[in-house]
Structures are given as C-alpha cells and as structure tokens.
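Let me begin by presenting the structure, written as structure tokens, before commenting on it.
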Amino acid sequence: MRKTSAILAATLLMAGAAWAEPPAPGEVMFEDGAVMDSLTGVPGDVANGRELMNKGSGNCIACHEVSALSDLPFHGEIGPMLDGVADRWSEAEIRGIVTNAKKMFPESMMPSFYKSTGYIRPGDAYTGKAAEEPLPPLLTAQEIEDVVAFLMTLKEE
Amino acid sequence: MLRACAPSLAAMAAVLGLAAAPALAQPDEDELVINGETEIVTETEAPDHMEYLDTIYSGWRFRADETQALEMDDFDNPAMIFVDEAADVWNTVEGAAGESCASCHGDVSTFEGLTASMPKVDEDGELVVMEDLINECRTERMEADAWKWSGIDMQSMIALIGVQSRGMPMNVAIDGPAAPFWEQGKEMYYTRYGQLELSCANCHEDNYGYMIRADHLSQGQINGFPTYRLKQATLISRHNRFRGCIRDTRAETFAEGSDAFRALELYVASRGNGLSVETPAVRN
C-alpha cells in the first residue's frame, strides 16, 4: 500500500491535480474509516451526485431520508437522516463511509459502494445468476466523488 | 428490536435522535378475524429459540388497511378462487393409476393440522416440505406428472391444504432429527449474501417496521404462505419469495426446491411458531 501511495504521489506531481488512474477498490487507503484524498482528483459533480441518491446503484434514499430531495418519493428510514450530514462529518469521513461504511462501522447494514471482492455468493447484478469476482463496484470512483460532493452540500448551519 | 450485539445505523440514529419520524415504525394495532369467526394470532411471544426478538408479528400487521381488508373475508380474498379450483382438482382422477387425492385421503379436512407442523423430517430422515409430499403422491401413487414447484396448481393445492389448518398455531419441530436442518437454515438467515451484503436478519430482524424505499419491512414471517401478492396477482410460494429476496441482494440465489431452501423454510417457519396458519394471506 505504501508503494501505491508513492506511485500516486508521483503521478500527482506529474499530472497536477488529477490522478492518472483511480485506486482499485482494494487499494483505497482508509484512516479510521475516512478516506483523505479524492479517489479521482476530479471535483465531484453535485448534480450527478443528486441523481445517484435516487437511482441506479446509489439509491441512497432507499434507506436515508433527505429533506433536500423531498421532490422524490419514498425515502427510507433504515439509516440516519442525512440533513446536516456535512456539519457532522468531514469530507474525508463522508468519502470513507460512502466508499465502504464497514471500515468505520463494522456491523453496518450499508452496502460497500466501492468494493469488488470478498462477497458471499456474488451475483450478476439482480439476475440471481453467479458472477465472478472482481465485480464492478456499485459506484465508480468518480460517482463516489459525485455523491460525496452532493452530501457536502447538506449543511444546516 | 435491535440486536444488542450489532448496533445498526438505525440504532445509532435512534440514539442520536436522528431517525426519520417513525410514522410506520411499528406494526399496527389491528386484529385479524377472518369471515367474522376465525381468529388469527398476528402477535405473540417469540419462541424460546429466538435470541434477539421478544415478540413476533404476522406480516398482515405491517400492511395498509385496504390490503388487510382483503384477507378478512373470503369473498374479498382474491386467492380463494385458486383454493376453490384446488378443491375441484382434489376430486379429479389424474394419472395412470386412476387415482385422485380424494380416493386415498377422503375429504381434505383430514389434513387439518398438517400445515402447522411443516416442514418436517420424514421416516427416511429427509427434510420435506408440502411440495415434496404432494409431488410424491402425484408421481408414486397417482402415476401423474409432478407439478412445478411454484406453479399455480401446486401452490393452489398447498393453500387448500393450508386452509384446513387456518387459525391453528404454527408449531414446527426444531429438535431431534430436525436439528441439523434447522441449524443450516439459521446459518443462512444470518449470512450476508451478495454484493449488497444483506442477510435476512438485516431487514427482517434488525429493521422490521421501518420503510426501505416504498416498502414497510415486516418480520418476513411465512405463516401466510402461499400468499397472494397483489404485485404479481397470483399465489406465491415460500421458495419463490426466498429466491427473489436473495436475488435482490445482488447474489447468486438458490433454486426453488433446493435443500438449502428447505432448510431455510424450516428455520423461518420456526420463527413463526405461535402465529396462526394464515394462508392464503394477501400482501403487497
């Protein structure tokens, strides 16, 4: 992992702000459940993050209520409400939770959105059929950044 | 209701006072009496083997009033047409042996109580569910073709047999020869399958009563199966529902009629010991 960081740092020096390649799901560096650096170096797209909250493999509001998304129907109640989430958590912590919440909360029910191996009976999306690991992660590295960017707008103070 | 050893995000949210207004966070207080005469136990003390829940509830208690109403009178219950058709099939000779169900078993009411004890281990030491018993009769005694596991003819017959026990408490055996199958089913219940890494318990033990998107999570009891699902407008088998739930964790699911699902059926049925047999229930 240290070697990966060195490569990333070297790449950063060469490429300026943007990574050449985002880290593979297994190579993301966590610190107490947080991920300090952007996975891509490309700023997240708030509008796309908002979209991902509601659909596809994001579908965050299946479990979380978000007042800023009250135009969308059927918010779930399983996870904590996300209003003001950016007041309670740093960007690095939010990135860590969206990437793989189980690093911070080992028993969490929340799916790990940037993870590709280590599953029990991994399937091919919702077909019920088997799939070989590594699976495509539920969200791409940039989609993680987009969701993080949207969540960072949820401030109450 | 939340497992003490495994605080979920919901539990932490509750501690922090962050949970959404729990308008539907519990089962309702309604009581189920079918046809004004058959009292159905929809809430009772959890069986001793359950470590994390004190009270068990029928899925009926989590449904909206208009859905609940469909089950309160057999004239309104859309599944009863299938039960009536099965009653005709009961008396119909089929297969090379020239037998009907009735020619061996007489009136279907002789099966009163059977559903409350299913699944169970047979004389050969195999765990069998109702589909197995019916297909054994069809192929060996009637010399007729086996029915498909979740086919409407099979599930209608299971509902007809189930109605003979309606109102009786579920009471499946989990000890003796059933014990290893029960342990296998329990292991499955707590296994986090698929890319979403969800176990049965994540939704139906830790978070029943809460909304997941538009669905009000129940305890996943199967005392009402075969169940008429309005979404599919037909009778749904227990294994079909298991298959769909595990598929929806983005997992390689199990097959209907697999030994794995027989074991899971035994375990899940045992979590409902004390609730009434309720088939054919009506759900979303």
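Keep in mind that the numbers below use all heavy atoms, side chains included, and drop hydrogens, waters and symmetry copies. Convention: sequence-line order gives letters A, B, ...; per-chain numbering from 1.
In this structure, OH in A:Y119 is found 6.0 Å from OG in A:S112, a value given to the nearest 0.5 Å.
Interface remark: B:R192 contributes backbone and side-chain atoms alike to the contact with chain A (heavy atom separation under 4.5 Å). Within the 4.5 angstrom heavy-atom criterion, no atom of A:S116 approaches chain B. Only the side chain of A:K102 comes within less than 4.5 Å of a heavy atom of chain B; its backbone N, CA, C and O stay farther away. Interface remark: A:L138 contributes backbone and side-chain atoms alike to the contact with chain B (heavy atom separation under 4.5 Å). For a residue to count as touching a neighbouring chain, one of its non-hydrogen atoms must lie under 4.5 Å from one of that chain's; by this rule B:L198 touches chain A with the side chain only. Residue B:L217 touches chain A through its side chain alone, counting heavy-atom pairs closer than 4.5 Å.
Just one residue in the list B:E278, B:E31, B:R61 forms a side-chain hydrogen bond (donor to acceptor under 3.5 Å, both in side chains) with B:T42, and that residue is B:R61.
Listed options B:D215, B:I246, B:L196, B:T191 were ranked by heavy-atom pairs under 4.5 angstrom with chain A; first place goes to B:L196.
In this structure, A:K103 is positioned above the aromatic face of A:F30, its NZ or CZ under 6.0 Å from the six-membered ring centre and within 45° of the axis. Cation-pi geometry between B:R250 and A:Y126 is met: under 6.0 angstrom from the ring centre, within 45 degrees of the axis.
In this structure, the ring of B:F254 has its center less than 6.0 angstrom from the ring center of B:Y193.
Between B:W149 and B:H239, the ring-plane angle classifies as parallel under the 30° and 60° cut-offs.
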